[in-house]
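What follows is a single structure, written as structure tokens, with notes after it.
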Number of protein chains: 2
Amino acid sequence: MRALVIEDDVDLREQICTRLRQEGYAVDETGEGEEGMFYAKEYPIDIAIIDLGLPGPTGLDIIAEVREAGLDYPILILTARSRWQDKVEGLEAGADDYVVKPFQPEELSARIQALLRRSRGWAQPRLESGDIIVDTTRQEVFVGDQSIDLTAYEYRVLEYLMLHAGEVISKTALTEHIYEENAERDSNVIEVFVRRLRSKLDPDGTRKPIETLRGRGYRLSRDGRNRRPADASSS
Amino acid sequence: MRALVIEDDVDLREQICTRLRQEGYAVDETGEGEEGMFYAKEYPIDIAIIDLGLPGPTGLDIIAEVREAGLDYPILILTARSRWQDKVEGLEAGADDYVVKPFQPEELSARIQALLRRSRGWAQPRLESGDIIVDTTRQEVFVGDQSIDLTAYEYRVLEYLMLHAGEVISKTALTEHIYEENAERDSNVIEVFVRRLRSKLDPDGTRKPIETLRGRGYRLSRDGRNRRPADASSS
DNA sequence: CTATCGCTTAAGGACGCGTTAAGGGCCCGC
DNA sequence: GCGGGCCCTTAACGCGTCCTTAAGCGATAG
């Protein structure tokens, strides 16, 4: 899960980013509008937290352009209490939620999780596929009744695959959503993580939850098991 | 599906091409206008992605000449944000859509898919013929309710035949739309792929979805509803 | 009947992926 | 501050899949 934080107050930004990283997000950050615009449109972001009171291109500009470009990831805006009226414009520009500064860190986390949940169309913060269960709020993973210990990156890979269960996810897509910045990992990290995941999720090698599609990527089987696509919709 | 990418920024071009190849396209690429002009007019391109800010013959020139030559494959233009006004000229010259740099890779892919879909006159990204179903977005193939695993090239052949169901497709046409560059395969690759396709799509040999027209090529039977846009391109 | 074209099969080789092990960084406890 | 352990990362190697080619056979048209 890759988050973008655009906030010019360095202290506040650090605070937010540290917390998000602790919670398992890959975080891109900037305090500058122009750079923020670039990240917002160029990087494969899953959620953005944008301060409205920016120098350069304002937060509103960024939101508007992102939406105009057809990107639909959730955007949460931050606004100073003194200018809380701005939130209206922000929401009109295409933001999904807002938080008024100052705020409790927990509050922000909760809103972010809610937005992500909503954007996926999941009512519950729990992902299931076969006998694999992922609790995204507590970042716990179960296989059947058995609790499984995953490392940070193992979890990120699994969560992303579970969120896109049934779809073919390329290794570069995984890399992009799991690492920050342009961190081009020209190695086989993903293969290694997938292997560890497989051996932890399915030590016997009987259920094969993650299949490989040579040259294309990986696919985590949805419980329905390769159903016929009942027509595509909702990007 | 054969794509042409004309973009002088080498990094960006590589990024685009890598992604397209991963998504199953045969990709011709160049950063030079003159060469781009040649490819655009001589190769059997299915879709072109052209940067407007080129050295030599500009992107506009290429588009204009391509259209003047009577080729009607979809063209998507790339334009820097600072010069977004150029898009108007581009569209007037005959381009079909535009993306402003910087952009998110997913965004470009989505636009390309949309253009291809539109150019074929298909509302849905799903091709059907008899009991064969091809989901072009996920590159999945079903025969009846059964999911069929195809290799990369098997899929390319099938997709092309399905897109032109009912038409007689020569082996050289298949070769040209499936491979990049001038890669003249003077062998019987196509015959081999067709055989593998036949045995996977129709193991019993009863339905005969792909028929051979000796000396002319192959034809995938289209049953019933299946409209084709009036198409006069693709040498 | 023969020449040409297509079908079938098998084998070679290239390449992607799996697998393993080892190095190094970071954090935590002592 | 120091040591140890966990985990990320990389690299090497082996294996399997898939692409490609070629050769032999069958079919078809002239």
Side-chain angles (χ1 to χ4, degrees), chain A residues 18 21-22 24-26 139 141 148-158 160-161 168-175 177-205 208-220, chain B residues 18 21-24 26 139 141 148-158 161 168-175 177-203 205 208-220:
Chain A
T18 304
R21 292 205 176 88
Q22 245 168 28
Y25 295 88
Q139 299 200 4
V141 176
I148 303 290
D149 273 342
L150 295 185
T151 68
Y153 280 87
E154 286 166 7
Y155 176 82
R156 290 194 193 178
V157 172
L158 177 62
Y160 195 80
L161 287 177
V168 181
I169 307 295
S170 72
K171 282 186 289 190
T172 60
L174 274 173
T175 310
H177 284 273
I178 278 172
Y179 290 100
E180 309 171 354
E181 295 294 334
N182 260 335
E184 287 288 327
R185 293 290 191 286
D186 54 341
S187 67
N188 62 344
V189 237
I190 300 299
E191 292 162 25
V192 174
F193 284 131
V194 168
R195 163 159 213 289
R196 303 224 177 99
L197 269 179
R198 288 209 251 237
S199 68
K200 284 187 178 180
L201 296 175
D202 183 30
D204 306 332
K208 313 236 182 221
I210 304 174
E211 57 181 324
T212 303
L213 290 109
R214 186 189 173 89
R216 281 175 274 174
Y218 297 98
R219 179 168 55 196
L220 193 141
Chain B
T18 304
R21 293 207 175 88
Q22 220 171 45
E23 292 177 357
Q139 298 198 8
V141 177
I148 304 289
D149 275 341
L150 296 185
T151 68
Y153 280 87
E154 286 166 6
Y155 176 83
R156 289 193 194 181
V157 172
L158 177 62
L161 287 177
V168 181
I169 306 296
S170 72
K171 282 187 286 191
T172 60
L174 274 173
T175 310
H177 284 273
I178 277 171
Y179 290 101
E180 310 172 354
E181 295 296 331
N182 263 332
E184 286 290 327
R185 293 290 192 286
D186 55 340
S187 67
N188 62 344
V189 237
I190 300 300
E191 292 165 23
V192 174
F193 284 132
V194 168
R195 159 150 220 292
R196 302 220 177 104
L197 270 179
R198 289 209 250 236
S199 68
K200 283 187 179 179
L201 296 175
D202 183 31
K208 314 240 183 219
I210 304 174
E211 56 180 325
T212 303
L213 291 107
R214 187 186 171 89
R216 284 176 285 167
Y218 297 99
R219 178 167 56 195
L220 193 139

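Reckoned from all heavy atoms, side chains included, excluding hydrogens, waters and symmetry mates. First the proteins, then the strands, lettered A, B, ... as listed; each starts at 1.
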Handout entry: Distance-only donor-acceptor test (3.5 Å): side chain A/Arg214, base D/dT17
Key =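 Such a pair exists between side chain and base.
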
Between [atom2] on [N] and [atom1] on [X], what's the gap in Å once rounded to a whole number?
| X | N | atom1 | atom2 | result |
| --- | --- | --- | --- | --- |
| B/Tyr153 | D/dT17 | OH | P | 19 Å |
| B/Gln22 | C/dG16 | CD | P | 11 Å |
| A/Ile178 | D/dT9 | CD1 | P | 10 Å |
| B/Glu211 | D/dA27 | CD | P | 19 Å |
| A/Ile190 | C/dT19 | CD1 | C1' | 16 Å |
| A/Tyr155 | D/dC7 | OH | P | 16 Å |
| A/Glu180 | D/dC8 | CD | P | 14 Å |
| A/Arg21 | D/dC8 | CZ | P | 16 Å |

Problem - 5' priority, DNA chain C, between B/Arg198 and A/Asn188 [closest heavy atom] - result: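 Nearest-nucleotide comparison on DNA chain C picks B/Arg198.
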
Practice task
Go through the steps for B/Leu213 and B/Arg219 under the test side chain to side chain contact (heavy atoms under 4.5 Å, CB included), then give the verdict.
Solution key: CA-CA 7 Å; B/Leu213 291 107; B/Arg219 178 167 56 195; 3.7 Å; yes

Of the listed nucleotides [options], the one nearest the side chain of [X]:
| X | options | result |
| --- | --- | --- |
| A/Ala152 | C/dT8, D/dC8, C/dG18 | D/dC8 |
| A/Ser187 | D/dT10, C/dG18, C/dT9 | D/dT10 |
| B/Thr151 | D/dC19, C/dG6, C/dT20 | D/dC19 |
| A/Val192 | D/dA22, D/dT10, D/dC8 | D/dT10 |

Is the phosphate of [N], meaning OP1 or OP2, less than 4.0 Å from a side-chain N or O of [X]?
| X | N | answer |
| --- | --- | --- |
| B/Arg195 | C/dC7 | no |
| B/Lys171 | C/dG6 | yes |
| A/Thr212 | C/dG16 | no |

Handout entry: Aromatic contact, A/Tyr179 with A/Tyr153 (centres under 6.0 Å)
Key =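 Here the rings of A/Tyr153 and A/Tyr179 have centres that are less than 6.0 Å from each other.
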
Exercise for the section: Starting from the 5' end of DNA chain D, give me the residue, B/Arg196 or B/Glu191, whose nearest nucleotide shows up first. Expected result: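 In this pair, the answer is B/Arg196.
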
Practice task
Would you indicate whether the side-chain heavy atoms of B/Leu158 and B/Leu220 approach each other to under 4.5 Å?
Solution key: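 They are in side-chain contact.
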
Handout entry: Basic-acidic side-chain contact under 4.0 Å: B/Glu23, A/Arg216
Key =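 Judged by the 4.0 Å cut-off on N to carboxylate O distance, B/Glu23 and A/Arg216 do not form a salt bridge.
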
Practice task
Could you tell me whether the side chains of A/Thr151 and A/Arg156 share a donor-acceptor contact shorter than 3.5 Å?
Solution key: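 Looking only at side-chain atoms, A/Arg156 and A/Thr151 do not form any donor-acceptor pair under 3.5 Å.
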
